[in-house]
2 protein chains.
Amino acid sequence: MGIEDGLWTRSRGAAYAEITRVAMELFLDQGFARTTIDQIAEAAGISRRSFFRYFGTKEDVVLGDLAVQGELVRDALEAIPLTVPPWEALQEALWKVDGLVGDDETMLKIATMMYETPSLRARSIEKHLAWQELLVPNIRRRLGGDPHAADGASAEVAADALVASAIACLDAAGAVWARNDGSPDLRTLYRRAVDSVRT
Amino acid sequence: MGIEDGLWTRSRGAAYAEITRVAMELFLDQGFARTTIDQIAEAAGISRRSFFRYFGTKEDVVLGDLAVQGELVRDALEAIPLTVPPWEALQEALWKVDGLVGDDETMLKIATMMYETPSLRARSIEKHLAWQELLVPNIRRRLGGDPHAADGASAEVAADALVASAIACLDAAGAVWARNDGSPDLRTLYRRAVDSVRT
DNA sequence: GTCTCGTTGACACTGAGTGACAGCAGGTCA
DNA sequence: TGACCTGCTGTCACTCAGTGTCAACGAGAC
């Protein structure tokens, strides 16, 4: 490692931020699908090839944070005592991370774009699937004493389904939130979503 | 319409079936990602361009049925009296369609391939999102008297989340089912999944 | 003043997906 | 029979995402 870590990290971070800024401007102006990577690269003053050294795909510019957020949710979840039941623990962990995410206005723009762009929506769900694998182990431990979950496959599916449902609730809440221009609070929507699922 | 409908439909159906057959053979042999559309077209004796006249994407060869199945689930759901509560109605509708799907062996091959191919997984989730829009109206009617669902946004998110969770349960059950080589029955897994979600 | 290492740009390539156009069946009508 | 229409097909050309390769370059290390 030739360069001091802090400096390097800072310039690398600056490049990420700059590319993201320029790209989001183009996305919001022309739409996501009609913006090509060549346009982003030109606007950011880098080569097309270099763009792919920062982001694996065009979608990652918009959704890159989701991967990091997944790890934050996991960490938050791990910090909650195992005595707290699964749904409540997941809600607490999700909200802890929700509090860290940027301002509502930017979030709303991203969310709106996401829910009206199929490829973005798909990629976001893929990222949420990755959350699943991060959160399931903890939830499985919380379900340990569940009488239903006797054999292996049942224990697996129980935790998998619970986490998947929680994420589905978050997704549904996000969709309604974006569709309604952010009018009801995301947490309120999530709570209502979970309530209806648990009958 | 120059040709008699039946004949045309039959030859068109035969073409679909033949392309699908040939493609699945290649997929299972080489893997989905490593099979190009040129290979499929050549093996099926058609041009690359004609392939796209039958299937919009490579993924559609594997997942094309999901679109049709979604409509079947909706029809089954509509046929169930509104007095049946949402979760029970969804389960009944899903199982009615599950009974129509082909043999377990083929299903298992498809499911296994799907759960280990990211682009297929993503596309399958996209198709399931389409189910959502088909099923939500009916579920919203079933939730009509729900005291929680007073205003518009809450009613929306309640039905959305419930349907999304049911589909998430189906997906989780399918994943475990495929991972375990189809050993526990899919319905059993789905039931366990729903049980754990509803605490 | 080299040497090395990580970043970058340039170039070429694969592969998915689309648009345009011409040709070729088949069936219709005069 | 011959002049049509209509729907399917192949060919060609194109855009765009994404990947591999390689040479150049800049900045610390020795």
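Chain A is the first sequence line, chain B the second, and so forth, proteins listed ahead of strands; every chain is numbered from 1.
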Using atom [atom1] of [X] as one end and atom [atom2] of [N] as the other, report the distance to the nearest whole Å.
X	N	atom1	atom2	value
A:Asp60	D:dT19	CG	P	10 Å
A:Ile19	C:dT8	CD1	C1'	12 Å
A:Lys58	D:dT19	NZ	C1'	17 Å
B:Phe52	C:dA16	CZ	P	7 Å
A:Glu59	D:dC16	CD	C1'	12 Å
A:Arg123	D:dA17	CZ	C1'	10 Å
B:Glu18	D:dT9	CD	P	13 Å
B:Phe51	C:dG15	CZ	C1'	13 Å

For [X] versus [Y], what's the shortest heavy-atom pair and its separation?
X	Y	answer
A:Ala89	A:Ile80	O-CD1, 3.4 Å
A:Ile19	A:Ala44	CG1-CB, 4.3 Å
A:Arg187	A:Asp98	NE-OD2, 3.4 Å

Inset, instruction - Decide side chain to side chain contact (heavy atoms under 4.5 Å, CB included) for A:Lys109 and A:Met24; before the verdict, give the C-alpha distance in whole Å, the side-chain angles of both, and the deciding distance to 0.1 Å. - result: CA-CA 10 Å; A:Lys109 281 181 189 166; A:Met24 289 304 289; 5.9 Å; no
Inset, instruction - Please step through side chain to side chain contact (heavy atoms under 4.5 Å, CB included) for the pair A:Val73 and A:Leu134, ending with a clear verdict. - result: CA-CA 9 Å; A:Val73 175; A:Leu134 294 173; over 6 Å; no
Legend entry - A:Tyr16 side chain to A:Tyr54 backbone, donor-acceptor under 3.5 Å: yes
Inset, instruction - Side-chain contact test, heavy atoms from C-beta onward, threshold under 4.5 Å: evaluate it for B:Lys96 versus B:Leu72 and give yes or no. - result: no
Legend entry - Residue pair A:Ile139, A:Asp160: steps toward the side chain to side chain contact (heavy atoms under 4.5 Å, CB included) verdict: CA-CA 8 Å; A:Ile139 297 302; A:Asp160 282 11; over 6 Å; no
Inset, instruction - Sort and list the pairs that fulfil ring-ring contact (aromatic ring centres under 6.0 Å, His included) and have at least one residue in residues 102-128 of chain B, not counting sequence neighbours. - result: B:His128-B:Trp131
Legend entry - Difference in axis direction between the ends of the helix from C:dG1-D:dC30 to C:dA30-D:dT1, five pairs, 10°: 10°
Inset, instruction - Only counting residues at least two apart or in another chain, list the ones meeting side-chain contact (heavy atoms from CB on, under 4.5 Å) with A:Phe32. - result: A:Phe27, A:Lys58, A:Glu59, A:Val62, A:Met113, A:Thr117, A:Ser119, A:Leu120
Inset, instruction - Could you work out the complete set of other residues in the hydrophobic cluster of A:Val176, with links drawn between I, L, V, M, F, W and Y side chains under 4.5 Å apart? - result: A:Val101, A:Met107, A:Leu108, A:Trp177, A:Leu186, A:Leu189, B:Val157
Inset, instruction - Tell me which residues in residues 27-40 of chain B put a heavy atom below 4.0 Å from DNA chain C, sorted by number, or none. - result: B:Thr35, B:Thr36, B:Ile37
Inset, instruction - Examine C:dT8: is either OP1 or OP2 under 4.0 Å from a nitrogen or oxygen in the side chain of A:Tyr54? Give yes or no. - result: yes
Distances for protein N/O vs nucleotides 11-14 of chain D N/O pairs under 3.5 angstrom?
none

